[in-house]
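Since the structure comes first, as structure tokens, the remarks are kept for the end.
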Amino acid sequence: MTGTSSFWRLTAAGFVVALLHSGSVSHAWLKCRDGYSAPELERYLSRARIALWLPGTSTIALDSEQRCVIVTVDDSGTGRLAKLALRAVSVPRRAIQIQVSPAAIR
């Protein structure tokens, strides 16, 4: 059982990185819940554009299928900062999805 014991020796950060590289989990760092109406999303999108000023934020767009605002960042640190910035401009947590860019992970 050496494989199992070495598995448990991974740090929490190393485990998450291993999962992301294996493709076992989504690249979404923070997922949206509860679909919002199109007019609400448009209003939130205009407020969310402030996150584009943050270094490491690459795109902000609407996802009409999931009915939420998608924020793409380079790393989880930028994701946390974007989350705080969006909270400051009154974008509901449930209306946003923060995802790490697949190009930044590899």
Side-chain angles (χ1 to χ4, degrees):
M1 289 231 188
T2 19
T4 306
S5 63
S6 65
F7 171 80
W8 291 111
R9 280 188 240 145
L10 288 174
T11 63
F15 181 67
V16 169
V17 169
L19 280 175
L20 286 173
H21 281 291
S22 72
S24 300
V25 295
S26 165
H27 295 299
W29 177 73
L30 185 66
K31 290 195 172 248
C32 60
R33 290 176 252 137
D34 300 336
Y36 285 84
S37 68
E40 287 176 309
L41 287 175
E42 288 293 333
R43 189 175 54 226
Y44 296 147
L45 179 65
S46 65
R47 292 181 196 169
R49 291 193 196 282
I50 194 166
L52 286 172
W53 287 88
L54 300 172
T57 303
S58 51
T59 59
I60 296 179
L62 288 180
D63 185 334
S64 57
E65 188 176 302
Q66 292 181 353
R67 295 188 350 205
C68 61
V69 177
I70 306 292
V71 180
T72 306
V73 296
D74 290 344
D75 56 39
S76 61
T78 303
R80 285 195 280 297
L81 190 56
K83 179 182 168 187
L84 290 172
L86 296 175
R87 185 185 306 166
V89 294
S90 301
V91 177
R93 157 60 206 101
R94 293 174 174 254
I96 60 171
Q97 176 169 316
I98 298 177
Q99 60 189 19
V100 177
S101 168
I105 292 175
R106 296 183 194 265

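Keep in mind it's a predicted model, so treat the numbers as computed, not measured.
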Per-pair distances, 0.1 Å, donor-acceptor, side chain in residues 38-46, under 3.5 Å, sequence neighbours excluded:
{"from": "E40", "atom 1": "OE1", "to": "S37", "atom 2": "N", "distance (Å)": "3.0"}
{"from": "E40", "atom 1": "OE1", "to": "S37", "atom 2": "OG", "distance (Å)": "3.1"}
{"from": "S46", "atom 1": "OG", "to": "R43", "atom 2": "O", "distance (Å)": "2.8"}

Exercise. Side-chain heavy atoms under 4.5 angstrom apart, residues restricted to Ile, Leu, Val, Met, Phe, Trp, Tyr: same cluster for L84 and V71?
Worked result: no
Exercise. Which pair of non-hydrogen atoms, one from R47 and one from S90, has the smallest distance, and what is that distance?
Worked result: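 Taking R47 first and S90 second, the nearest heavy atoms are NH1-O, 2.9 Å.
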Seminar exercise, completed: Of all heavy-atom pairs linking K31 and Q97, the shortest is CA-CG, 4.0 Å
Exercise. Does anything in residues 34-65 pair up under disulfide (SG to SG under 2.5 Å), and if so which pairs, sequence neighbours excluded?
Worked result: none
Problem set entry | Partners passing side chain to side chain contact (heavy atoms under 4.5 Å, CB included) against L54 (at least two apart in sequence or in another chain) |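 L54 satisfies side chain to side chain contact (heavy atoms under 4.5 Å, CB included) with A51, T57, L81, A82, A85 once adjacent residues are dropped.
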Problem set entry | Which residues share a side chain to side chain contact (heavy atoms under 4.5 Å, CB included) with T72, sequence neighbours left out |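 For T72 the side chain to side chain contact (heavy atoms under 4.5 Å, CB included) partners, ignoring immediate neighbours, are S58, T59, I70, Q99, S101.
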For this session: Please identify each residue that fulfils salt bridge (charged side-chain N to carboxylate O under 4.0 Å, His left out) with R93, with sequence neighbours left out.
Result: none
Exercise. Residues in side chain to side chain donor-acceptor pair (under 3.5 Å) with R94, at least two apart?
Worked result: D34
